[in-house]
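The sequence lines fix the lettering, A, B, ..., with proteins before strands; numbering per chain opens at 1. Values below: every heavy atom of this structure, side chains too, minus hydrogens, waters and symmetry copies. Fair warning: this is a prediction, and the values are worked out from it, not measured in the lab.
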Amino acid sequence: MAQHRSLPRSFFQRPAGEVAPDLLGHHLVRRLGRRSLILRIVETEAYLGASDRASHAWNDRRTQRTSVLFRRGGVAYVYFVYGMHYMLNVVTGGADDGSAVLIRAGEPVAGSEEMRVRRGLERAPRAGDLAGGPGKLCRALAIDSELNGAPLDSGPLILAEGSPPAPHEVAVGPRVGVAYAGAAADWLLRFAEEGNPHVSRPRL
DNA sequence: CGGAAGATCCACT
DNA sequence: GTGGATCTTCCGA
């Protein structure tokens, strides 16, 4: 098993709009017993906090669900939507910021067979089938609300150094599924590795 | 305490 | 391209 070098806390304690593109290419490591499921992150979205109508922290809205979102950067924020999907975010910035980065897609690096089973797929998956979307990604890595608040530098879920794309290989666009958010719906806070087939739809 | 919406996915036409 | 699944969370009354 390869050694993982965790990203330092300081990496996350910056604005979400910086962390989101910088996360591309790094590795999301899910430890399950002795096994490690590893995805290389290929798509992210930034949610800026109180000023961002698409964010759960919009208008400084603090509830039981969003409490983790207001912690200091470097922990996971996991929530449940549509009655069936979990979403994985990385909390960014400082305490009371409310900002985070949604991990939208990854390409398999290790453990793809177990991911295929967890996703309920019978045959060899095509690009994007395993983790080409935030709900799929959580399913593939067995991520649920138990990981809400978990630190990301050690433990069952780790963000480790990978192989980031060159800056000119990063595509930018508006976020997915936030049409209700007024002007914020048009903000260019979605980032993906240019041309990577594991990116979710609609493609950038 | 009820109702509505939701940072999605999949099957179907 | 459209609609259904499925249920937690939040807000207003």
Side-chain angles (χ1 to χ4, degrees), chain A residues 12 15-17 19-21 23-24 28 39 41-71 73 75-93 97-108 115-149 157 171-192 197-204:
Chain A
F12 303 103
V19 176
L23 271 173
L24 297 176
L28 183 60
L39 288 175
I41 296 170
V42 299
E43 181 185 355
T44 60
E45 283 178 357
Y47 288 83
L48 303 187
S51 63
D52 181 357
R53 196 165 171 183
S55 169
H56 290 171
W58 177 60
N59 205 20
D60 206 37
R61 202 166 61 104
R62 293 169 189 258
T63 66
Q64 178 150 28
R65 178 175 71 157
T66 63
S67 63
V68 166
L69 203 40
F70 289 93
R71 287 173 46 186
V75 300
Y77 169 53
V78 181
Y79 68 94
F80 188 66
V81 279
Y82 297 118
M84 50 178 72
H85 299 296
Y86 290 99
M87 305 278 124
L88 170 65
N89 296 252
V90 167
V91 176
T92 57
D97 225 16
S99 67
V101 174
L102 173 69
I103 311 299
R104 284 195 58 89
E107 63 175 321
M115 294 184 210
R116 180 184 67 74
V117 173
R118 289 189 175 281
R119 283 277 293 117
L121 304 175
E122 310 230 332
R123 317 206 55 159
R126 303 212 257 161
D129 284 351
L130 289 181
K136 297 181 194 175
L137 182 148
C138 286
R139 190 74 188 272
L141 294 190
I143 291 170
D144 61 23
S145 53
E146 295 217 336
L147 292 177
N148 191 37
L157 193 62
V172 182
R175 295 171 293 183
V176 178
V178 298
Y180 60 86
D186 299 324
W187 295 353
L188 301 179
L189 294 176
R190 182 185 182 206
F191 306 91
H198 296 84
V199 170
S200 72
R201 305 178 96 97
R203 296 287 285 285
L204 273 175

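- Distance, A:Met87 CE to C:dT8 P: 15 Å, rounded to whole Å.
- Base pairing annotation: B:dA7 forms no Watson-Crick or G-U wobble pair, as no partner gives both donor-acceptor distances under 3.5 Å.
- Annotation: the span from A:Asn89 atom CG to A:Leu69 atom CG amounts to 7.0 Å, rounded to 0.5 Å.
- Residue contacts shown for A:Gly83 include a base, since a base heavy atom lies under 4.0 Å away.
- Heavy-atom neighbours of A:Arg126 CZ from other residues, nucleotides or ligands within 6.0 Å: at or below the threshold of 12.
- The side chain of A:Lys136 approaches B:dC10 more closely than any other nucleotide in the set B:dC10, C:dC11, B:dT8.
- The CZ atom of A:Arg190 sits 13 Å away from the C1' atom of B:dT8 (whole-angstrom rounding).
- Put simply, CG on A:Asp144 is 19 Å from P on C:dT6, counting in whole angstrom units.
- For A:Arg126 and B:dC10, the CZ to P distance is 13 Å, given to the nearest whole Å.
- Nearest-nucleotide mapping onto DNA chain B: of A:Asp129 and A:Leu102, the residue sitting toward the 5' end is A:Leu102.
- Using a 5.5 Å limit on the distance between ring centres and a 30° limit on the angle between planes, the aromatic ring of A:Tyr47 counts as stacked on the six-membered base ring of B:dA7.
- Distance A:His56 NE2 to B:dA5 P: 15 Å, rounded to the nearest Å.
- If you check every strand for non-hydrogen atoms under 4.0 Å, A:Arg65 touches sugar and phosphate atoms only.
- When distances run from any side-chain atom of A:Met84 to the nucleotides B:dT8, C:dC7, C:dT6, the shortest one goes to C:dT6.
- A cation-pi arrangement, defined by a distance under 6.0 Å to the six-membered ring centre and an angle within 45 degrees of its axis, is absent between A:Arg71 and A:Tyr77.
- Relative to the side chain of A:Tyr79, the nucleotides C:dT9, B:dA7, C:dT8 differ in distance, and B:dA7 lies closest.
- Within the structure, every side-chain polar atom (N or O) of A:His85 is placed at least 4.0 Å from both OP1 and OP2 of B:dA7.
- Base pairing of C:dT6: no nucleotide in any strand meets the Watson-Crick or G-U wobble criterion (both distances under 3.5 Å).
- Using a 4.5 Å cut-off on side-chain heavy atoms (C-beta onward), A:Tyr79 and A:Arg65 make contact.
- The distance between atom CH2 of A:Trp58 and atom P of B:dA5, rounded to the nearest whole Å, is 15 Å.
- Distance CG (A:Leu69) to P (C:dC10): 11 Å, rounded to an integer number of Å.
- A pairwise comparison of heavy atoms in A:Leu102 and A:Pro134 identifies CD1-CB, 4.2 Å as the closest pair.
- Phosphate contact (OP1/OP2 of B:dT8, side-chain N/O of A:Arg201, threshold under 4.0 Å): absent.
- Look at CZ on A:Phe80: it is 13 Å from P on B:dA7, rounded to the nearest Å.
- A:Tyr82 comes within 4.0 angstrom of a base, heavy atoms only.
- Between the P atoms of C:dG3 and B:dA5, the separation comes to 15 Å (whole Å).
- Nearest heavy-atom pair across A:Trp58 and A:Arg53 is CD1-CA, 3.2 Å.
- Contact annotation: A:Arg119 reaches the phosphate of B:dC10 (side-chain N/O to OP1 or OP2, under 4.0 Å).
- Proximity note for A:Thr63 (side chain, C-beta onward) versus B:dG6, C:dC11, B:dT8: the nearest is C:dC11.
- For C:dT6 and B:dG2, the P atoms lie 22 Å apart once the distance is rounded to whole Å.
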